[in-house]
Amino acid sequence: MVANAEFRRLTDDSLESLQIRMDTYLSSLNATAAFLGASDEVTRDEFDGFVAQLEIEKYLPGINGIGYITPVKAGQEQELIDEMAALGEPDLDIHPLTDNAQKYIINRISPIGPNVEALGLDISFEEGRRNSANAARDTGLPQLTPRILLVQEHSSQPGFLLLRR
């Protein structure tokens, strides 16, 4: 009986800690969306400065970076590339190339150094990422992707994306 009660307490504490961490992650995404939405144009330097102020290494343990994904209809990719070049992101290279009618392009990510491989990634290339992006768009609710391997993680350590509209 005592062991069961202790196990239940540890489980409850772990679930509560995980919920607090996920809420903190979501709050950082909400702040990022508010920052980007408050201006017509946010440059690469301004975005990097904002994310640096979040001090993700200290306050958001486990996060590799914070990004922004733009939905783009097939055939409109060059418009996004041109827009991003004007905002200080001249090397946006959309990858991988897919036949999907709706693409979801990572057009901002910071810190850029460890995440450079994710810049320009069309997350629609993988069903789980695509379905989560569609669900976030359609419901307006935050969504977690299924367990994935991040393109910038060379250790093959699984991760996930937390997406919001």
Side-chain angles (χ1 to χ4, degrees), residues 1-72 84 87 89 92 102-165:
M1 266 324 207
V2 173
N4 283 341
E6 180 63 11
F7 178 76
R8 231 176 275 121
R9 185 189 68 73
L10 288 171
T11 301
D12 290 344
D13 288 350
S14 295
L15 287 172
E16 183 178 346
S17 293
L18 180 60
Q19 185 63 54
I20 289 168
R21 182 175 282 197
M22 294 306 295
D23 289 345
T24 302
Y25 292 167
L26 182 57
S27 291
S28 69
L29 284 184
N30 291 340
T32 302
F35 172 71
L36 290 169
S39 178
D40 291 335
E41 295 182 347
V42 175
T43 66
R44 154 65 49 203
D45 289 341
E46 291 168 334
F47 187 75
D48 287 344
F50 173 80
V51 173
Q53 289 296 312
L54 293 176
E55 297 184 68
I56 61 176
E57 320 74 38
K58 182 176 180 181
Y59 296 112
L60 300 167
I63 288 199
N64 289 11
I66 295 181
Y68 186 78
I69 296 171
T70 298
V72 178
M84 295 314 298
L87 293 173
E89 197 66 73
L92 187 69
Q102 178 68 67
K103 299 167 184 303
Y104 292 100
I105 312 298
I106 299 175
N107 67 336
R108 307 283 180 122
I109 192 156
S110 192
I112 191 66
N115 295 297
V116 70
E117 293 174 54
L119 184 64
L121 182 71
D122 174 8
I123 68 164
S124 77
F125 81 96
E126 185 180 75
E127 183 180 8
R129 297 175 206 226
R130 182 176 58 250
N131 290 344
S132 295
N134 286 336
R137 178 197 63 201
D138 296 345
T139 67
L141 299 173
Q143 301 292 316
L144 277 177
T145 62
R147 188 173 77 146
I148 59 172
L149 294 179
L150 301 171
V151 297
Q152 69 271 38
E153 261 307 313
H154 298 287
S155 66
S156 297
Q157 181 177 347
F160 62 88
L161 300 178
L162 176 60
L163 305 169
R164 71 166 302 272
R165 181 171 63 173

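Numbers for residues simply follow the sequence, beginning at 1.
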Tell me, which pairs form a side-chain hydrogen bond (donor to acceptor under 3.5 Å, both in side chains) where one or both residues lie in residues 24-33, sequence neighbours left out?
N30-R164

For D12, all residues meeting side chain to side chain donor-acceptor pair (under 3.5 Å), sequence neighbours excluded
none

Once you round to the nearest 0.5 Å, how far does OG1 of T11 lie from CZ of R9?
9.5 Å

Quick one: pull up CG in L119 and CD1 in I109 and give me the separation to the nearest 0.5 Å.
7.5 Å

For E57, enumerate each residue passing the side chain to side chain donor-acceptor pair (under 3.5 Å) test, keeping only those at least two apart in sequence or located in another chain.
none

Atom pair CG/CG of L150 and N64 - distance to nearest 0.5 Å:
5.5 Å

Checking L29 against L163 for the side chain to side chain contact (heavy atoms under 4.5 Å, CB included) test, could you report, in this order, the C-alpha distance in whole Å, the side-chain angles of both residues, the deciding distance, and whether it holds?
CA-CA 8 Å; L29 284 184; L163 305 169; over 6 Å; no

To the nearest 0.5 Å, what is the distance between CG on L144 and CE on M22?
4.0 Å

Salt-bridge contact R130-E127 (side-chain N to carboxylate O under 4.0 Å):
no

Is there a donor-acceptor pair under 3.5 Å between the side chain of R108 and the backbone N or O of V42?
yes

Can you tell me how far the CG atom of D13 sits from the CG atom of L18, to the nearest 0.5 Å?
12.5 Å

Would one find more than 12 heavy atoms of other residues, nucleotides or ligands at under 6.0 Å from atom CD of Q53?
no

Does any donor atom in the side chain of R129 or Y104 lie under 3.5 Å from an acceptor atom in the other side chain?
no

Would you check if V72 and N107 make a side-chain contact, meaning some heavy-atom pair closer than 4.5 Å?
no

Close side-chain approach of I112 and R44, heavy atoms under 4.5 Å:
yes

Do other residues, nucleotides or ligands put more than 12 heavy atoms under 6.0 Å from R147 CZ?
no

Applying side chain to side chain donor-acceptor pair (under 3.5 Å), can you list everything that pairs with N115, at least two apart in sequence or on another chain?
Q152

T43: side chain to side chain contact (heavy atoms under 4.5 Å, CB included) partners, not counting sequence neighbours
D45, E46

Could you give me the CA-CA distance, side-chain angles and deciding distance for Q19 and L15, then say whether side chain to side chain contact (heavy atoms under 4.5 Å, CB included) is met?
CA-CA 6 Å; Q19 185 63 54; L15 287 172; over 6 Å; no

V51 and S110 have their tightest heavy-atom pair at CG1-O, 3.6 Å

Of all the heavy-atom pairs spanning P111 and I56, show the shortest one and how long it is.
CD-CD1, 3.6 Å

Donor-acceptor under 3.5 Å (S132 side chain, Q143 main chain)
no

For the residue pair L10 and E6, establish whether any side-chain heavy-atom pair is separated by less than 4.5 Å.
yes

Is there a side-chain contact between E126 and T145, using heavy atoms and a 4.5 Å cut-off?
no

Side-chain donor/acceptor pairs under 3.5 Å, residues 34-41, sequence neighbours excluded:
unit_1 : atom_1 : unit_2 : atom_2 : d
S39    : OG     : E41    : N      : 3.2
S39    : OG     : E41    : O      : 2.7

Any non-hydrogen side-chain atom of I69 less than 4.5 Å from a side-chain atom of L121?
no

Do the side chains of P142 and L162 get nearer than 4.5 Å, heavy atoms only?
yes

